[in-house]
Amino acid sequence: MSDFTNASGYEKQFDPRLYLETYFHLGSGSLADDFLRFTLGNFHKTFTEGDVKGTTLIDIGTAPSIYQLLSACEYFQDITVTWYTNRELQELQKWLNKDSGAFDWSSVVKHVWELEGKRGMLEEKEEKLRGKIKQVLLCDVSKSNPLEPVMLPKVDCLISTVCLEAACRNYDSYKTALKNLSTLLKPGGHLLMAGDLGANYYEVGSNKVFSLPVNEAFLRKAVNESGYVVNKLVSFGKPEDVGYDTSDYEGFYFLHAQKC
């Protein structure tokens with residue numbers, strides 16, 4: 001078995017629009033309700049505390065989602081978003097182009113708006129994010145330069161949410177991916193990650209999509225051994241009374257590290 005998820009096989013199994021419709025209507029009662037509130041809250045807190053600063057940011061494995069950048073766009077001026085399969089890119093482009101068929105992010109944007117204590121049209125937040133996105137690039141975390149063939153100047157911050165657990169088929173390749181990502185980051189630059197704990201899969205329609213099951217001890221060790229120092233690692237455990245079974249996850253994590 002390959003150390004990394006194959007793009008063509010993943011594209012056949014993973015329907016990005018169905019994924020968004022299943023998990024990203026905040027308040028719908030899916031398992032992502034807890035994930036979104038936990039993750040968005042931690043992004044907001046991390047940025048408002050003022051320790052994560054800079055101008056340039058790369059989001060690893062953006063497509064088809066934007067939720068992870070809604071707080072970041074208030075603090076970074078130059079954001080690069082990335083994609084791995086054409087179907088994911090097509091879904092992201094619909095939002096970037098404001099197509100009538102784009103996914104409706106309003107429930108998620110409203111939550112971030114409320115975290116920030118702001119009032120106004122939700123479209124203002126989405127327009128701000130669109131304006132900060134300067135590039136849309138192919139990304140492959142298995143490569144020593146994940147943005148190959150593009151070479152960018154090293155950036156101030158990397159974000160990766162629910163990405164490496166899907167891309168990496170084993171724990172050694174997860175560490176390899178972390179090391180590869182570090183080549184994009186300035187010394188002292190920030191790595192912000194969020195994802196599932198203990199998940200072997202999550203369902204998208206009738207398909208069970210692979211996820212590498214990670215725990216806090218592995219995350220801390222892998223990140224520290226890959227050229228970073230962990231500043232913060234927090235988790236949220238799966239509630240005992242959940243009424244959904246679309247994943248065998250055990251909880252969620254949020255991690256803030258800096259490149260040595």
Side-chain angles (χ1 to χ4, degrees), residues 1-7 9-26 28-43 59-65 67-68 84-85 87-88 108 139 141-142 159-178 181 191-223 226 230 232-257:
M1 185 178 69
S2 173
D3 289 338
F4 294 92
T5 297
N6 175 268
Y10 183 69
E11 190 163 26
K12 292 176 183 176
Q13 187 182 37
F14 181 80
D15 181 333
R17 183 52 177 260
L18 184 56
Y19 168 71
L20 295 179
E21 295 290 355
T22 302
Y23 294 111
F24 290 94
H25 291 291
L26 185 56
S28 67
S30 78
L31 69 85
D33 277 4
D34 288 333
F35 173 74
L36 285 168
R37 291 189 177 100
F38 169 78
T39 302
L40 295 172
N42 275 288
F43 274 125
D59 184 39
I60 302 299
T62 311
S65 303
Y67 66 91
Q68 66 275 21
Y84 186 52
T85 70
R87 292 179 76 188
E88 293 174 318
V108 177
C139 180
V141 299
S142 72
I159 288 178
S160 178
T161 56
V162 201
C163 175
L164 297 190
E165 294 81 19
C168 305
R169 308 297 289 195
N170 57 56
Y171 299 111
D172 286 339
S173 62
Y174 196 102
K175 294 177 184 178
T176 297
L178 283 169
L181 292 180
L191 173 67
L192 303 178
M193 296 174 58
D196 298 329
L197 293 171
N200 292 278
Y201 72 90
Y202 58 94
E203 294 180 0
V204 178
S206 60
N207 291 325
K208 286 189 174 181
V209 180
F210 170 83
S211 178
L212 184 70
V214 299
N215 59 36
E216 290 175 83
F218 167 76
L219 287 167
R220 188 177 294 278
K221 186 172 187 292
V223 172
S226 300
V230 175
K232 177 172 69 174
L233 176 57
V234 294
S235 63
F236 176 90
K238 181 179 181 179
E240 294 182 1
D241 59 347
V242 295
Y244 38 76
D245 57 0
T246 51
S247 173
D248 62 347
Y249 81 104
E250 297 172 358
F252 312 118
Y253 74 88
F254 182 89
L255 181 146
H256 172 207

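Just so you know, these numbers use all the heavy atoms, side chains as well, and skip hydrogens, waters and symmetry mates.
Remark: Ser2 OG to Asn170 CG distance equals 8.5 Å, nearest 0.5 Å. One distance of note links CZ of Phe24 with CG of Asp33; it measures 10.5 Å at 0.5 Å rounding. Taking CG from Asp245 and CD from Glu203, the interatomic distance works out to 6.0 Å, rounded to the nearest 0.5 Å. Atom CG of Leu36 sits about 7.0 Å away from atom OG of Ser30, to the nearest 0.5 Å. Here CG of Leu192 is found 5.0 Å from CZ of Phe254. Values are rounded to the nearest 0.5 Å. Distance check, rounded to the nearest 0.5 Å: CG of Leu178 to CE of Met193 gives 5.5 Å.
Side-chain atoms of Asn207 and Phe14, non-hydrogen and from C-beta on, never get closer than 4.5 Å to each other. Using a 4.5 Å heavy-atom threshold, the side chains of Leu181 and Leu164 count as touching. Taking 4.5 Å as the limit, every side-chain heavy atom of Asp3 sits out of range of all side-chain heavy atoms of Asp172. Between Leu197 and Lys238, every side-chain heavy-atom pair lies at or beyond the 4.5 Å cut-off. Using a 4.5 Å heavy-atom threshold, the side chains of Phe4 and Cys168 count as touching. Proximity of Lys175 to Lys221: side-chain heavy atoms (C-beta onward) are separated by under 4.5 Å at one or more points. The shortest side-chain heavy-atom distance between Gln68 and Thr39 does not fall under the 4.5 Å cut-off.
Salt bridge annotation for Glu21-Arg17: present, with a cationic side-chain nitrogen under 4.0 angstrom from a carboxylate oxygen.
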As a quick check of understanding, evaluate side-chain contact (heavy atoms from CB on, under 4.5 Å) for Leu219 and Tyr174, giving each step before the final call. CA-CA 10 Å; Leu219 287 167; Tyr174 196 102; 3.3 Å; yes

From CA spacing to verdict: side-chain contact (heavy atoms from CB on, under 4.5 Å), Tyr19, Val209: CA-CA 10 Å; Tyr19 168 71; Val209 180; over 6 Å; no

Please assess Leu20 against Ser65 for the test side-chain contact (heavy atoms from CB on, under 4.5 Å), listing each intermediate value before the final yes or no. CA-CA 8 Å; Leu20 295 179; Ser65 303; 3.9 Å; yes

Worked check of side-chain contact (heavy atoms from CB on, under 4.5 Å) between Glu165 and Asp196: CA-CA 8 Å; Glu165 294 81 19; Asp196 298 329; 5.9 Å; no

How far apart are the C-alpha atoms of Phe35 and Tyr23, what are their side-chain angles, what is the distance that settles it, and do they pass the ring-ring contact (aromatic ring centres under 6.0 Å, His included) test? CA-CA 10 Å; Phe35 173 74; Tyr23 294 111; 9.6 Å; no

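Ring geometry for Tyr84 versus Tyr10: interplanar angle of 30 to 60°, hence tilted. Ring geometry, Phe236 versus Phe38: the interplanar angle falls from 30° to 60°, so the pair is classed tilted.
Cation-pi geometry between Arg169 and Phe210 is met: the NZ or CZ atom falls under 6.0 Å from the ring centre, inside 45° of the normal.
Across all their heavy atoms, Arg220 and Val230 have their closest contact at NH1-CG1, 3.7 Å. Across Ala166 and Thr5, no two heavy atoms sit closer than the pair O-OG1, 2.6 Å. When all heavy atoms are compared, the tightest approach of Gly198 to Pro213 is C-CB, 3.8 Å.
For Tyr67 and Thr161, the side-chain atoms include at least one donor-acceptor pair closer than 3.5 Å.
More than 12 heavy atoms of other residues, nucleotides or ligands lie within 6.0 Å of NZ in Lys232, so this atom counts as buried by the packing criterion.
Separation of the Tyr249 and Tyr202 ring centroids does not fall under the 6.0 Å cut-off.
Ser211 places no side-chain N or O within 3.5 Å of a backbone atom of Asn200 that could act as its donor or acceptor partner.
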